[in-house]
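Presented below is the structure to which this report refers.
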Amino acid sequence: MATCYRHPSRETGVSCSNCGRPICPDCMTPTPVGMRCPECARQRTPVRTMANVRGGGEPVVTYVLIAINVIAFVAELASGSGVAQRGGGGVISRGALNGPDIAQSHEYWRLVTSGFLHAGFIHILFNMDFLYVLGGMLEPVVGRTRFAVLYLVSLLTGSFGALLLSPDVNTVGASGAVFGLMGGAVVALRARGINPMESGLGFVILINLGLTFIIPGIAIGGHLGGLAGGLIAGYLLFDLGERRRAAALALGGCLVLALAAVAGSIAVAGGQGLSL
């Protein structure tokens, strides 16, 4: 057992998260990135956490995504779209996720466009509120490129999950991508030594998962698929990608995951989904 570098007679299993020296309870200084020794704690090294990242730059990608969703919703209202429609000229009817249209008409763009359409004011309000909060916290920490990759991968895995369980139902909404952001944020927090449950994010995910199964009409597969995709992409980007010379490998892994989600979606759409 290692001993504290300041108190050699005290055994300890804890090391400073900055310099790696073993420290005993009397020498530990809690920080957002783990325990630090007295010397490292006095250095007051600037640390980006989920509580203070708003000073780390404007979440431009988040704002752009919100703008696209709002513009698409205005277009829906102007076209008189209804979520139950299939065929016709409405924006939702041409962009919603629907297995038969993907399989028979090869309208593969629906895998992406469905993630920017919404079924009503409450629907878009909740999704954009979550996107604003999560994006404002996560994007300045991980950077615009990795945030955009996480969002796109989560959107595609959410589309795959929705088709897997409900291939014949028109599905719209950014909630699959938003659940993916939650999953990615969990990985980012853990990579920085922050307990997701202590941050409150864990409870938010649990509550929303509960609502997913309780409230009728919600795309369960879309939420679960987005969350799973976000967790995997988050590991690749924020855990594996943080290691030396692994950034390109992480982006390559996310590309493979996105392509697998697209291929799976097309296969499920052609096979009419999963029989339950």
Side-chain angles (χ1 to χ4, degrees), residues 1-57 59 133-151 153-154 179-209 227-254 256-257:
M1 178 72 71
T3 59
C4 176
Y5 80 99
R6 298 176 79 232
H7 303 94
S9 62
R10 302 179 184 178
E11 295 183 343
T12 180
V14 180
S15 300
C16 174
S17 62
N18 186 49
C19 67
R21 291 180 293 187
I23 48 179
C24 67
D26 289 340
C27 297
M28 297 175 188
T29 301
T31 73
V33 290
M35 295 296 180
R36 288 197 171 183
C37 67
E39 285 79 5
C40 292
R42 282 196 293 269
Q43 292 174 2
R44 299 184 182 277
T45 304
V47 177
R48 285 184 180 179
T49 70
M50 291 301 178
N52 65 15
V53 296
R54 291 192 181 278
V133 173
L134 290 168
M137 291 190 300
L138 189 59
E139 184 182 341
V141 174
V142 303
R144 295 170 184 171
T145 299
R146 292 195 294 177
F147 179 81
V149 170
L150 172 65
Y151 191 90
V153 170
S154 301
F179 264 81
L181 293 183
M182 294 184 195
V186 166
V187 179
L189 284 170
R190 289 183 60 84
R192 286 158 176 77
I194 305 172
N195 188 331
M197 299 304 293
E198 292 179 357
S199 72
L201 180 61
F203 290 107
V204 171
I205 294 177
L206 292 176
I207 291 172
N208 280 276
L209 281 175
L227 180 60
L231 287 169
I232 298 173
Y235 168 75
L236 293 171
L237 293 168
F238 313 138
D239 194 327
L240 176 64
E242 295 286 350
R243 303 171 191 175
R244 179 178 291 185
R245 299 178 182 177
L249 181 62
L251 291 175
C254 287
V256 171
L257 179 59

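Predicted model only: the values in this text are computed from it and were never measured.
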Write down the atom of [X], the atom of [Y], and the distance for their closest heavy-atom approach.
| X | Y | result |
| --- | --- | --- |
| L231 | G183 | CD2-O, 3.4 Å |
| G135 | P59 | O-CB, 3.8 Å |
| N18 | R36 | CB-NE, 3.7 Å |
| R10 | C24 | NH1-SG, 3.5 Å |
| F179 | N208 | CZ-CB, 3.6 Å |
| S154 | G229 | OG-C, 4.4 Å |

Sidechain-backbone polar pair: S17 side chain, M35 backbone, donor-acceptor under 3.5 Å: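 The answer is yes, because a donor-acceptor pair under 3.5 Å joins these two groups.
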Backbone N/O of P38 and side chain of T29: donor-acceptor pair under 3.5 Å: no
Nearest-0.5 Å distance, [atom1] of residue [X] to [atom2] of residue [Y]:
| X | Y | atom1 | atom2 | value |
| --- | --- | --- | --- | --- |
| E139 | L181 | CD | CG | 10.0 Å |
| L201 | M182 | CG | CE | 7.5 Å |
| Y151 | L138 | OH | CG | 13.0 Å |
| E39 | C16 | CD | SG | 8.5 Å |
| D239 | R190 | CG | CZ | 9.5 Å |
| L251 | L236 | CG | CG | 9.5 Å |

Per the side-chain contact (heavy atoms from CB on, under 4.5 Å) rule, which among V187, I232, V142, L150 passes with L237?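 The option that passes is L150.
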In a check of side-chain contact (heavy atoms from CB on, under 4.5 Å) between C4 and each of P22, P25, C27, which one passes? C27
Mark yes when over 12 heavy atoms from residues, nucleotides or ligands other than R21 sit less than 6.0 Å from its CZ; otherwise mark no.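 Buried by this count: over 12 neighbours within 6.0 Å.
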